[in-house]
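On a predicted model such as this, the values are computed, not experimentally measured, just so you know. Throughout, residue positions are numbered sequentially from 1 according to the sequence presented.
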Amino acid sequence: PNARFVLVTGDLVDQGYVQEQWDLFFETAQADLSGLPIAPAIGNHDVIRDETAEYFKAHFHLPRNGPVGMEEEVYSFEYGPVHVAVLDTERELALQAAWLREDMADVERPWKVVALHRGPYGSQYDSDHVRRALGPAFDELGVDLVLAGHDHAYIRSHPMSGEARVEEGRGTVYVVAGSAGPKFYPRTFREWQKRVVDQETQIYVAASVTPDKLWLRAFTVDGMLVDNLTLRKAAAPPPDVAGLGAVADDHKVTLHWTPPGGSWVDEVQVFVADPLGGVPVQPTHVLRPEVDHVGTRGLNNGVDYTFVVRT
């Protein structure tokens with residue numbers, strides 16, 4: 001009930017060229033999802049007889065920041081401390097790997113997540129062509145989590161890097177988020193699997209994230225918890241404001257600065273340090289990150305003050 005958006009890892013319909021199936025998807029989802037953004041990945045069924053995903057793209061308004069020729073099929077966005085890239089595993093994998101390296105090269109948010117359909121580490125399906133094409137980019141970029149579909153079961157991998165298991169806290173965790181439809185696959189044992197749920201029931205994954213924790217919980221459709229994963233990392237300090245300056249006037253000082261730009265910052269805090277008492281615990285002003293100035297009043301003329309601006 002507290003979801004901010006829904007991420008769907010492909011196969012929204014059975015036959016992508018049949019308009020009636022898209023109508024049925026939206027009619028069925030309307031009551032529960034009409035108030036939520038949907039971030040979909042393309043699945044193999046979504047592009048049956050429609051290789052360039054024209055039906056898929058006609059039904060969504062998605063970011064157009066993907067590689068040339070794959071706009072709205074491949075895209076990225078940011079939510080809080082997370083950078084999310086959505087890929088299309090049906091074509092042009094090398095092109096997408098190159099795009100992903102550019103897309104994530106300068107990401108400052110602490111968490112990197114990729115969503116796609118054919119999982120590099122699955123169960124019944126061993127999509128080794130996807131693993132070979134995209135895995136090196138995931139390793140190089142430090143992708144924390146890859147969310148996939150295609151296998152009609154719930155699978156969570158060990159942390160993986162270079163196609164090998166690594167210790168906790170390193171590598172990438174791969175999750176196939178179960179099936180939302182009526183078709184289910186039995187488990188096929190693979191050496192990378194850490195947790196598999198192959199019950200014949202629908203499963204979804206709920207994610208919560210802070211700068212230092214990414215928490216995943218997998219539930220059956222009737223509310224049974226079947227997996228629980230917490231990824232942690234040391235939270236990087238937010239970038240500082242730049243060019244801090246001050247203009248003094250009668251009993252007041254106006255501070256000005258350059259905001260931290262596109263970086264992920266909750267707020268800017270301004271402290272007025274008393275000449276005798278040091279920097280107080282509580283800020284005098286708490287501002288939105290895009291604000292670039294503030295005035296402080298009630299100061300005594302002829303007294304030295306120290307102003308501290310923190311992100």
- Within one Ile-Leu-Val-Met-Phe-Trp-Tyr cluster: V303 and V270, side-chain cutoff 4.5 Å: yes

- Task: For the residue pair H83 and E108, establish whether any side-chain heavy-atom pair is separated by less than 4.5 Å.
- Result: no

- Task: List the steps and the verdict of side chain to side chain contact (heavy atoms under 4.5 Å, CB included) for L116 and Q96.
- Result: CA-CA 11 Å; L116 41 69; Q96 293 178 67; over 6 Å; no

- Would you mind reporting whether T172 and M160 have side-chain heavy atoms less than 4.5 Å apart? no

- Non-hydrogen atoms of V286 and P283 that approach each other most closely: CG2-CG, 3.6 Å

- Go through the structure and list residues passing side chain to side chain contact (heavy atoms under 4.5 Å, CB included) with Q21, not counting sequence neighbours. V13, D14, Q15, V18

- Task: Might you point out which heavy atoms bring E168 and K194 nearest each other, and give the distance in Å?
- Result: OE2-NZ, 2.8 Å

- Results of side chain to side chain contact (heavy atoms under 4.5 Å, CB included) for Q30 - residues two or more places apart only: S34

- Do I155 and V226 belong together in a cluster built from hydrophobic side chains that touch within less than 4.5 Å? no

- Query: Does D139 reach the main-chain N or O of G162 with its side chain, forming a donor-acceptor pair under 3.5 Å?
  - Reply: yes

- Task: Check whether any side-chain heavy atom of V253 sits under 4.5 Å from a side-chain heavy atom of Y305, and report yes or no.
- Result: no

- Does T9 use its side chain to pair, donor to acceptor, with the backbone of A148 at less than 3.5 Å? yes

- Query: Taking it one step at a time, do R109 and E78 satisfy salt bridge (charged side-chain N to carboxylate O under 4.0 Å, His left out)?
  - Reply: CA-CA 8 Å; R109 284 158 171 76; E78 291 176 328; 2.8 Å; yes

- For E71, check side chain to side chain donor-acceptor pair (under 3.5 Å) against everything at least two apart and list the hits. none

- Message: Tell me the closest heavy-atom pair linking G119 and S127, and the distance in Å.
- Response: O-CB, 3.5 Å

- Could you tell me the separation between the OG1 atom of T284 and the CZ atom of F271, rounded to the nearest 0.5 Å? 8.0 Å

- Under a 4.5 Å cut-off applied to non-hydrogen side-chain atoms, are V268 and W257 in contact? yes

- Item | Partner set under side chain to side chain contact (heavy atoms under 4.5 Å, CB included) for R232, not counting sequence neighbours | K213, T230

- Query: Heavy-atom distance under 4.5 Å between the side chains of W111 and L231, does that happen here?
  - Reply: yes

- Message: Has H251 got a side-chain atom pairing as donor or acceptor with L299's backbone, closer than 3.5 angstrom?
- Response: yes

- Message: Using the rule that Ile, Leu, Val, Met, Phe, Trp and Tyr join whenever any side-chain heavy atoms are under 4.5 Å apart, tell me whether W215 and V205 fall into a single cluster.
- Response: no

- Message: Does any part of the side chain of E92, heavy atoms only, come nearer than 4.5 Å to the side chain of P67, both counted from C-beta?
- Response: no

- side chain to side chain contact (heavy atoms under 4.5 Å, CB included) evaluation trace for D249 with T254: CA-CA 8 Å; D249 201 349; T254 299; over 6 Å; no

- Message: Looking at every heavy atom in both P63 and Y75, which two are closest together, and how far apart are they?
- Response: O-CB, 3.4 Å

- Can you measure from NE2 (H158) to CZ (R165) and round to the nearest 0.5 angstrom? 3.5 Å

- Message: Measuring from atom CG of L12 to atom NE2 of H45, what distance do you get when rounded to the nearest 0.5 angstrom?
- Response: 12.0 Å

- Query: In chain order, what residues pass the ring-ring contact (aromatic ring centres under 6.0 Å, His included) check against H150, with sequence neighbours excluded?
  - Reply: H117, Y125

- Task: On the 0 to 90° scale, with breaks at 30° and 60°, tag the F25-W22 ring pair as parallel, tilted or perpendicular.
- Result: perpendicular

- Message: For D106, I'd like to know if atom CG has over 12 heavy atoms of other residues, nucleotides or ligands within 6.0 Å.
- Response: no

- Message: Taking R118 first and then E90, would you say they form a salt bridge - that is, a charged N and a carboxylate O separated by under 4.0 Å?
- Response: yes

- For R288, the side chain to side chain contact (heavy atoms under 4.5 Å, CB included) test, sequence neighbours excluded, returns E290, V291

- Message: Are there over 12 heavy-atom neighbours, none belonging to H129, within less than 6.0 Å of that residue's NE2?
- Response: yes

- Task: Provide the closest heavy-atom pair for I203 versus A218 in the form atom of the first, atom of the second, distance.
- Result: CG2-CB, 4.3 Å

- Message: Quick check: is L147 connected to Y204 through a chain of hydrophobic side chains (ILVMFWY, heavy atoms under 4.5 Å apart)?
- Response: no

- Task: Say whether H59 and Q19, considering side chains only, have a donor N or O and an acceptor N or O under 3.5 Å apart.
- Result: yes

- Message: Would the distance check show the side chain of R217 and the main-chain N or O of S208 forming a donor-acceptor pair, the cut-off being under 3.5 Å?
- Response: no

- Item | Minimal non-hydrogen separation, S161 against V166, with atom names | CB-CG1, 3.9 Å

- So CG of D103 and CG of N65: to nearest 0.5 Å the spacing works out to 6.5 Å

- Task: Evaluate the side chain to side chain contact (heavy atoms under 4.5 Å, CB included) criterion for residues F56 and L62: first the C-alpha distance (whole Å), next the side-chain angles of each, then the deciding distance (0.1 Å), finally the verdict.
- Result: CA-CA 11 Å; F56 174 92; L62 301 171; 3.9 Å; yes

- Item | Check: L145 and L216 side chains under 4.5 Å, non-hydrogen atoms | yes

- Message: Side-chain heavy atoms nearer than 4.5 Å, only ILVMFWY residues, links allowed to pass through others: does that put L287 and V247 together?
- Response: no

- Gap between atom CG of L100 and atom CG of L93 - 0.5 Å precision: 12.0 Å

- Output field: ring centroids F219/Y154 closer than 6.0 Å: no

- Message: Quick check for you: to the nearest 0.5 Å, what is the distance between D144 atom CG and F138 atom CZ?
- Response: 12.0 Å

- Using a 4.5 Å cut-off on heavy atoms from C-beta on, say whether the side chain of P120 contacts that of V130. yes

- Given V47 and Y55, is the side chain to side chain contact (heavy atoms under 4.5 Å, CB included) satisfied, shown in steps? CA-CA 8 Å; V47 290; Y55 277 87; over 6 Å; no

- Item | Cation-pi geometry met for R131 and Y121 (6.0 Å, 45°) | yes

- For T89, does its backbone N or O pair with a side-chain atom of R91 as donor and acceptor, under 3.5 Å? no

